[in-house]
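A short worksheet on the structure shown next.
Keep in mind that what you see is a predicted model, and the values were worked out from it rather than measured. Note: hydrogens, waters and symmetry copies are ignored here, and every other heavy atom, side chains too, is used.
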2 protein chains.
Amino acid sequence: MTERDTTAQVERAQSAALRLANVDAADRDAALGAIADAIRDNSEAILAANREDVEEAEAMLADGEYTQALVDRLKLDEAKLDDIAGMVESVAEQDDPLGETLEARELDEELELYKLSVPIGVVATIFESRPDALVQIAALALKSGNAVILKGGSEASESNRVLYETILSATEDLPDGWATLIEAHEEVDRLLELDDMVDLVMPRGSSEFVSYIQDNTQIPVLGHTEGICHVYVDEAADLDMAEDIALDAKVQYPAVCNAVETLLVDESVAADFLPAVVERYRDAGVVLRGDDATREHVDIDPATDDDWDTEYGDLELSIKVVSDLYDAVDHINAHGSKHTESIVTGDAERAETFMTGVDAASVFHNASTRFADGYRYGLGAEVGISTGKIHARGPVGLEGLTTYKYYLEGDGQLVATYAGEDAVPFTHEALDADWNPGHRSRRD
Amino acid sequence: MTERDTTAQVERAQSAALRLANVDAADRDAALGAIADAIRDNSEAILAANREDVEEAEAMLADGEYTQALVDRLKLDEAKLDDIAGMVESVAEQDDPLGETLEARELDEELELYKLSVPIGVVATIFESRPDALVQIAALALKSGNAVILKGGSEASESNRVLYETILSATEDLPDGWATLIEAHEEVDRLLELDDMVDLVMPRGSSEFVSYIQDNTQIPVLGHTEGICHVYVDEAADLDMAEDIALDAKVQYPAVCNAVETLLVDESVAADFLPAVVERYRDAGVVLRGDDATREHVDIDPATDDDWDTEYGDLELSIKVVSDLYDAVDHINAHGSKHTESIVTGDAERAETFMTGVDAASVFHNASTRFADGYRYGLGAEVGISTGKIHARGPVGLEGLTTYKYYLEGDGQLVATYAGEDAVPFTHEALDADWNPGHRSRRD
């Protein structure tokens with residue numbers, strides 16, 4: 001495949017995006033239903049293709065090129081495929097993110113401004129070894145009216161191709177080019193150069209992988225690299241509550257980005273708190289490392305400076321004693337990844353100081369960091385978690401795949417009327433936001 | 001100045017940003033008032049510094065290095081300074097963009113999620129030859145609680161330095177480092193590399209200048225390059241209205257980005273419409289170029305392919321006859337700059353097809369493209385106009401300098417309670433959005 005081919009494919013996606021933006025919600029949802037059905041109907045072919053990928057990966061595993069974790073992520077079975085189809089159906093059931101009136105204002109009589117949600121245009125995903133990522137991003141893109149470019153890893157090439165063909169065959173009524181699979185590995189760098197044509201890229205993979213994408217494109221990236229989250233046990237904490245939260249935040253599911261990596265303990269409660277929580281961590285099999293002040297109270301290994309910047313993603317935890325609330329905030333702002341930070345305290349004012357002082361997408365008071373999640377937040381489908389600050393932050397729902405467009409409905413108004421010495425003033429009155437002019441049919 | 005110095009300055013801005021985010025609205029507004037006063041009080045020194053810049057620029061003008069337009073933009077006088085101070089006061093009068101509750105949801109009893117607007121962090125501006133840009137961006141950044149990096153052109157260095165010192169001396173109570181002036185020319189490229197530290201850059205200058213910034217940084221850019229806007233006169237247009245709109249959109253102020261550059265005329269009305277509008281354009285001194293079909297009806301110079309992609313920014317206009325509404329939409333999507341597009345038609349359904357079909361930040365029905373402006377839209381202070389689609393689009397108000405943060409107020413909840421076989425369901429009920437936990441004092 002040549003550079004020209006990639007550009008041509010993305011151009012076709014751009015044209016498709018313009019048409020897809022005007023496909024009714026009902027038709028988009030029907031297409032999602034058809035995709036789910038097609039995945040179930042075509043499970044035999046999909047699983048056969050997946051077996052080829054898995055066999056090849058297992059051979060590489062023997063050579064030491066791939067890890068067992070990669071092979072596990074790659075592997076599909078009937079139950080997983082059914083889950084994937086169910087995920088597509090659940091995306092269809094979400095509220096339509098398009099045509100929502102975000103603002104409505106009368107500028108003058110018969111001159112009405114509406115700010116409506118619309119698709120972004122062309123979104124791309126680049127993902128490693130999880131064939132479900134292809135289906136998930138395609139479904140989210142379709143629901144939000146975006147054309148999508150899909151680039152999977154070579155280790156899943158057979159699975160990806162069959163899944164892609166299954167999706168296309170189920171959506172022949174949609175604008176040609178709404179979904180495009182890019183297969184050649186060298187196409188990634190070409191795709192990342194097309195910042196004039198691709199509006200958003202959503203990488204799915206390891207921290208290193210997402211970092212690589214971020215460092216090598218000017219396309220806005222929706223994603224997150226590492227999650228270094230903290231729980232701070234304040235001097236005014238209910239220590240029983242703090243123990244429970246500290247445990248839940250680490251052991252309930254340690255592999256995910258919203259699990260805690262460093263526990264910060266106020267020095268005034270360290271002697272009371274640390275022995276009990278350390279015993280519970282040990283019972284749960286958590287490997288602990290602490291700073292000197294921590295080790296005065298409990299017998300654990302010493303932490304190094306690297307520990308404060310490490311996402312273990314496993315049953316491992318570092319513990320640090322801080323001198324006060326401000327010391328905790330400073331540590332978090334120096335070492336956190338702006339993901340999720342939690343304070344345990346009975347003092348509302350101290351909670352507010354912590355929550356406004358730490359720079360993170362999610363700040364919690366008396367709750368486990370593990371709540372930072374689109375489903376738990378009630379956002380519906382989760383598009384991703386963003387540790388960036390622009391466009392979308394924290395757990396991102398379907399609105400992360402939309403932008404907006406201003407619709408102005410006039411009656412022949414000229415700017416000259418509102419300028420100069422005899423300028424007519426604007427009224428600038430809020431309008432009923434339930435009605436909108438641009439998407440009447442879509443909202444019926 | 002070394003690379004290390006720039007990095008150290010931006011690090012200081014990062015620290016300041018964390019503290020500035022917690023400065024009350026009243027204190028931010030008071031600081032803006034103090035800046036306005038200081039500019040008026042210090043006008044003699046500011047104008048003296050400005051005279052040095054202007055004299056040097058006039059010498060370069062003689063050498064042909066600078067243009068007269070640059071010298072005009074550079075020059076300040078008492079009246080302009082008073083306008084600048086008034087602009088700072090009007091920014092202070094805007095509603096506080098921070099601490100707004102964007103969403104509020106109960107996840108379960110005593111577990112409440114609030115999405116609140118917060119500052120982005122560190123914003124930078126890089127601007128050419130307009131000393132007022134320094135003051136304007138500093139005021140907008142302060143109002144929205146962001147630390148700001150200011151980098152002006154060398155031609156305005158004396159003016160910028162005195163304005164910056166005036167601002168700093170008026171805001172000694174604000175966190176040290178909230179505003180930073182960077183002077184060395186070579187610092188621009190260093191600044192543009194600090195994408196891990198600077199959250200947003202707002203260039204102010206020519207299209208070429210903004211393009212250069214966009215092409216040379218991974219920091220998100222809020223700005224616009226060119227504005228190639230169209231007026232489409234539909235077959236169902238009121239032709240008198242169309243004439244007025246076509247004139248207003250070009251001649252009311254031709255130098256700005258929301259002025260029309262190409263007039264598209266449906267072939268069914270070309271014979272009736274073109275002679276009259278061309279006469280009025282000629283009376284207004286507009287230089288016209290048209291395609292062959294246009295020139296069958298009126299005697300004007302031929303347009304070349306380049307005309308469809310040119311922002312004249314002057315009393316010049318290209319005219320094209322299109323075969324129908326869809327032809328107009330296709331032309332706009334191929335040649336427009338996603339800025340502002342207007343259809344004149346008496347047919348609401350055709351208007352909707354146009355408005356949903358063209359890809360632009362603002363789409364108008366029976367109104368002049370010149371309405372695309374933050375003030376006319378009622379947005380209050382205009383931060384800029386964005387032709388990007390991510391984060392902020394079209395005319396951007398102060399909310400373009402904010403992001404959001406999720407606040408979760410709990411009572412010791414654990415995720416384990418809501419997972420597994422006996423999972424407690426979430427309630428996910430909307431909460432009264434008027435109250436918020438994080439910024440009580442700020443909203444009083």
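Residues A:V415 and B:Y253 are not in side-chain contact: their nearest non-hydrogen atoms beyond the backbone lie 4.5 Å or more apart. B:I120 is listed as a side-chain neighbour of A:I390, based on a closest heavy-atom distance under 4.5 Å. The side-chain heavy atoms of A:V118 and B:R393, taken from C-beta on, include a pair separated by under 4.5 Å. Side-chain atoms of A:L18 and B:N333, non-hydrogen and from C-beta on, do get closer than 4.5 Å to each other.
Proximity to chain A (any heavy atom under 4.5 Å) is restricted, for B:F426, to the side chain, taken from C-beta onward. In this structure, the portion of A:L200 lying under 4.5 Å from any heavy atom of chain B is its side chain and not its backbone. Contact annotation for B:A416: both backbone and side-chain heavy atoms come within less than 4.5 Å of a heavy atom of chain A. For B:N216, the part lying near chain A is the backbone, with the side chain staying farther off; criterion is any non-hydrogen pair under 4.5 Å.
For A:Y418 and B:F371, the ring centers are positioned less than 6.0 Å apart.
Remark: the backbone N or O of A:T402 is not paired with any side-chain donor or acceptor of B:K389 at under 3.5 angstrom.
Closest approach of B:I245 and A:Q413 over heavy atoms only: CG1-O, 4.3 Å.
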Are A:T340 and B:Y406 close enough, and set up right, to give a side chain to side chain contact (heavy atoms under 4.5 Å, CB included), and what steps lead you there?
CA-CA 9 Å; A:T340 302; B:Y406 282 105; over 6 Å; no
If you apply the rule side chain to side chain contact (heavy atoms under 4.5 Å, CB included), what do you find for A:D359 with B:K405, and how did you get there?
CA-CA 9 Å; A:D359 186 19; B:K405 196 165 166 178; 5.7 Å; no
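Most heavy-atom pairs under 4.5 Å with chain B, from the set A:V344, A:L107, A:V221: that is A:L107.
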